[in-house]
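Report on one structure; see the data block that follows.
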Protein chains: 2
Amino acid sequence: MAGRPAEPEVIWSRPERAARGPRPAYTRAEIAAVAVRIADADGLDAVSMRRVAGELGCGTMSLYNYVPRKEDLYELMVDLVADEHELPERPTGDWRADLTGLAHGSRAIMRRHPWMSRLMSAAYGFSPNSMKFLEYSLWCLDPLDLPYGQKVELVAMVNGVVTTYVANEIETAERTRSLPWSAEREQEIRTAHLAKELATGRYPRLAAAVAADSGPVDMEAVFDRALSRVLNSFARG
Amino acid sequence: MAGRPAEPEVIWSRPERAARGPRPAYTRAEIAAVAVRIADADGLDAVSMRRVAGELGCGTMSLYNYVPRKEDLYELMVDLVADEHELPERPTGDWRADLTGLAHGSRAIMRRHPWMSRLMSAAYGFSPNSMKFLEYSLWCLDPLDLPYGQKVELVAMVNGVVTTYVANEIETAERTRSLPWSAEREQEIRTAHLAKELATGRYPRLAAAVAADSGPVDMEAVFDRALSRVLNSFARG
DNA sequence: GCCCAGTTACGTACAGCGTACGTAGTGAGG
DNA sequence: CCTCACTACGTACGCTGTACGTAACTGGGC
């Protein structure tokens with residue numbers, strides 16, 4: 001019997017393959033891939049230990065040999081997805097362009113995996129691939145003459161903008177998953193309620209703002225503006 | 001029997017008191033207050049329909065007369081807490097100072113209720129008190145000569161910064177709630193693992209950054225810097 | 001003043017969750 | 001070869017959100 005009541009440790013510090021005993025049937029990457037596939041298809045809440053184990057082809061409790069707590073499964077997922085970054089061999093020397101590229105990469109990944117924004121705000125930021133990404137981000141900032149503290153703050157702000165904006169973009173669609181009616185119906189209801197509230201005259205500026213923007217908002221343009229504001233604020237001091 | 005299988009509607013569009021039938025035993029504010037107290041004391045995950053009903057003094061299923069789905073309970077909580085903003089009677093005319101004040105207010109509230117950042121990133125942004133806050137934020141921007149679209153983007157960025165930074169500040173403490181060991185032990189383990197990883201030499205810039213910052217980070221100063229960068233980027237165009 | 005539709009109240013029940021625990025089998029180091 | 005850490009996994013517990021059925025109550029229309 002293992003000392004199994006979840007001892008305090010980070011999953012990344014425990015070796016994937018134990019020194020003794022039979023060879024594990026699955027790798028962490030395989031497990032993470034199954035979990036990611038489920039989350040992509042049916043939402044993060046569909047990722048249960050039972051379902052992952054089932055699709056993996058083993059008993060539920062066997063999964064706990066690989067992943068001591070469910071939270072660690074999330075960490076594996078984040079790490080696997082962080083590996084989707086296609087980092088160039090080296091930065092170009094134009095830190096602004098490089099960081100913009102990285103941010104667009106992050107945005108693409110998080111849009112591809114809509115559950116990521118939920119996990120990111122819970123900050124699983126120290127998996128191997130996340131650290132690789134952070135390291136590369138800092139590398140891009142080599143040409144920028146700023147103390148390391150400031151560089152870290154810059155990277156944090158950029159990642160914050162990506163997470164925030166993707167989350168805002170996605171939230172409605174994701175919320176709908178757990179609802180017994182359609183996304184269109186939900187949207188319809190919320191805009192109807194909003195219109196009724198604005199019609200009361202209690203929120204004149206909000207009403208003006210809603211009335212002002214005509215047609216659908218270009219979310220990528222909004223994102224680009226926000227990102228470039230952040231970058232500018234560091235470029236100019 | 002009510003048409004109870006959760007019909008599509010926003011909770012704010014359903015009247016608190018029905019036209020017919022017996023007088024409800026509790027107000028929404030009372031229910032929200034109980035839920036908020038539980039979340040403050042034992043974390044958001046401790047807020048279950050059973051526990052709220054129990055502390056309220058009614059049967060579990062009675063709660064569903066007030067709150068059709070648990071998500072709506074969250075919405076009540078956000079709204080109650082959004083009311084903690086002490087909005088001045090009118091803006092001063094200095095939009096930068098006003099928005100800074102609002103942001104600090106939001107930050108204080110979210111630190112007082114550590115579960116808020118989780119709910120905010122799920123965007124329950126259209127409760128009455130949230131809208132009141134948004135309207136006031138826009139009011140502060142009256143002196144700023146910018147189209148409404150830009151003003152909304154500014155407010156969104158400020159709120160995003162608040163949420164992001166408070167979430168980062170709080171995440172560790174909040175995560176620990178669900179863990180069977182102490183926050184100190186958790187912190188200890190994570191820093192130990194980080195140190196070991198950095199010692200491998202695979203992340204030279206990350207290591208340098210960690211080595212560079214001496215002593216504890218002043219989170220409020222970091223927040224203030226980020227906030228003022230965002231405000232500056234709008235002040236200068 | 002009465003009636004009844006619509007509401008409140010709430011016990012029971014179900015499907016699902018994370019995971020503690022016990023046991024059986026396996027394979028590599030001494 | 002023995003031993004013991006490890007893998008595998010069935011069972012069970014306490015918890016969750018909530019569908020459903022039933023009983024009590026109450027205010028508006030006649």
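To find a chain, count down the sequence lines: A is the first, B the second, and so on, and within it residues start at 1.
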Check your understanding: Does the side chain of B:Ser62 get closer than 4.0 angstrom to OP1 or OP2 of C:dT8 through an N or O atom?
Key -> no
Check your understanding: Do the non-hydrogen side-chain atoms of B:Val47 and B:Met77 ever get within less than 4.5 Å of each other?
Key -> yes
Check your understanding: CD1 of A:Ile31 versus C1' of D:dT7: gap in Å, rounded?
Key -> 12 Å
Exercise for review: Indicate the ring-plane relationship of B:Tyr136 and B:Trp139, choosing parallel, tilted or perpendicular according to the 30° and 60° boundaries.
Suggested key: perpendicular
Review point. Would B:Asp42 and B:Arg177 pass as an ion pair if we require N to O under 4.0 Å?
Key: no
Check your understanding: Under a 4.0 Å N-O cut-off, is there an ion pair linking B:Glu84 with B:Arg112?
Key -> yes
Exercise for review: Send over the distance from A:Leu179 CG to D:dG17 C1', rounded to a whole Å.
Suggested key: 14 Å
Check your understanding: Looking across every strand, which nucleic acid part, if any, lies under 4.0 Å from A:Ala25 by heavy atom: base, sugar-phosphate, or nothing?
Key -> sugar-phosphate
Exercise for review: Pick base, sugar-phosphate or nothing for A:Tyr26, based on heavy-atom distances below 4.0 Å to the nucleic acid.
Suggested key: nothing
**Study point:** Shortest non-hydrogen contact from B:Glu71 toward A:Ser178
**Key:** OE1-OG, 4.4 Å
Practice item. For B:Tyr64 and C:dA9, give me the distance from atom OH to atom C1', rounded to whole Å. Key: 15 Å
Exercise for review: Describe, in one word, how the ring planes of A:Phe223 and A:His104 are oriented to each other, choosing from parallel (under 30°), tilted (30 to 60°) and perpendicular (over 60°).
Suggested key: perpendicular
Review point. Quick one: salt bridge (Lys or Arg N to Asp or Glu O under 4.0 Å) partners of A:Arg118, sequence neighbours excluded?
Key: A:Asp45
Check your understanding: Between A:Leu63 (CG) and D:dC6 (C1'), how many Å, whole number?
Key -> 16 Å
Revision key, fill the gap. Separation of D:dA5 atom P from A:Arg14 atom CZ, nearest Å, is 15 Å
Review point. Which parts of residues 35-50 of chain B get close to DNA chain D, meaning a heavy atom less than 4.0 angstrom away?
Key: B:Val47, B:Ser48, B:Met49, B:Arg50
Check your understanding: Of B:Pro22 and B:Glu71, whose nearest nucleotide on DNA chain D comes first from the 5' end?
Key -> B:Glu71
Review point. Between atom CD in A:Glu16 and atom C1' in D:dC6, what is the gap in whole Å?
Key: 15 Å
Check your understanding: Any ion pair linking B:Glu75 and A:Arg190 (charged N to carboxylate O, less than 4.0 Å)?
Key -> yes
Exercise for review: Could you tell me the separation between the NZ atom of B:Lys70 and the C1' atom of D:dA19, rounded to a whole number of Å?
Suggested key: 17 Å
Exercise for review: Tell me what B:Gly21 touches on the nucleic acid: a base, only sugar-phosphate, or nothing, going by heavy atoms under 4.0 Å.
Suggested key: base
Check your understanding: DNA chain D: B:Arg23 or B:Arg51, which has the more 5' nearest nucleotide?
Key -> B:Arg51
Check your understanding: Charged N to carboxylate O below 4.0 Å: is that the case for A:Asp72 and A:Arg69?
Key -> yes
Nucleotide N/O to protein N/O under 3.5 Å, stretch nucleotides 28-30 of chain D:
none

**Study point:** A:Asn65 CG - D:dG10 P separation (whole Å)
**Key:** 13 Å
